[in-house]
Amino acid sequence: KVVGLKLQQLGRTSVASTLSYLDNGVVFVGSSYGDSQLIRLLATPQGGMGEDQNNFVEVLETFVNLGPIVDFSVAELEHQGQG
């Protein structure tokens, strides 16, 4: 029987479409709406001021979102359409 639930904000990331735990606290945050990120979840919060005071997330790398790609064409460059 569950008698309670506690939520704690760990930090801020992009809006996630997918979360993939890789290893050693490293998580890939895949986003359709913003940039995707590679983050590390920390055991103790990083020091900071204001709202970043209790930040348990370290951004390791950010991958720029190129989308949305709604249409594209494939072209054969070798013969350029000539038989």
Side chains of Val29 and Leu19: closer than 4.5 Å at any heavy-atom pair? yes
Which atoms form the tightest heavy-atom contact between Arg12 and Val57, and what is the distance? O-CG1, 4.4 Å
Distance, nearest 0.5 Å, that separates CZ of Arg40 from CG of Leu22: 11.0 Å
For Gly11 and Asn55, which heavy atoms make the closest approach, and how far apart are they? CA-OD1, 3.4 Å
Indicate if Tyr21 and Leu38 have the same hydrophobic cluster label, given that clusters are the connected sets of ILVMFWY residues with side-chain heavy-atom separations under 4.5 angstrom. no
Heavy atoms from other residues, nucleotides or ligands near CZ of Phe63 exceed 12 (cutoff 6.0 Å): yes
Donor-acceptor under 3.5 Å (Ser14 side chain, Ser36 main chain): no
Is the closest side-chain heavy-atom distance between Thr13 and Val27 below 4.5 Å? no
Assigning hydrophobic clusters by single linkage (Ile, Leu, Val, Met, Phe, Trp, Tyr; side-chain heavy-atom cutoff under 4.5 Å), is Ile39 placed with Leu10? yes
Indicate the atoms forming the closest heavy-atom contact of Ala43 with Phe56, along with that distance. O-CE2, 3.6 Å
Following the transitive rule for hydrophobic clusters with a side-chain heavy-atom cut-off under 4.5 Å over Ile, Leu, Val, Met, Phe, Trp and Tyr, establish whether Val26 and Phe28 coincide in one cluster. yes
Within the 4.5 Å heavy-atom criterion, are Leu7 and Gln9 side-chain neighbours or not? no
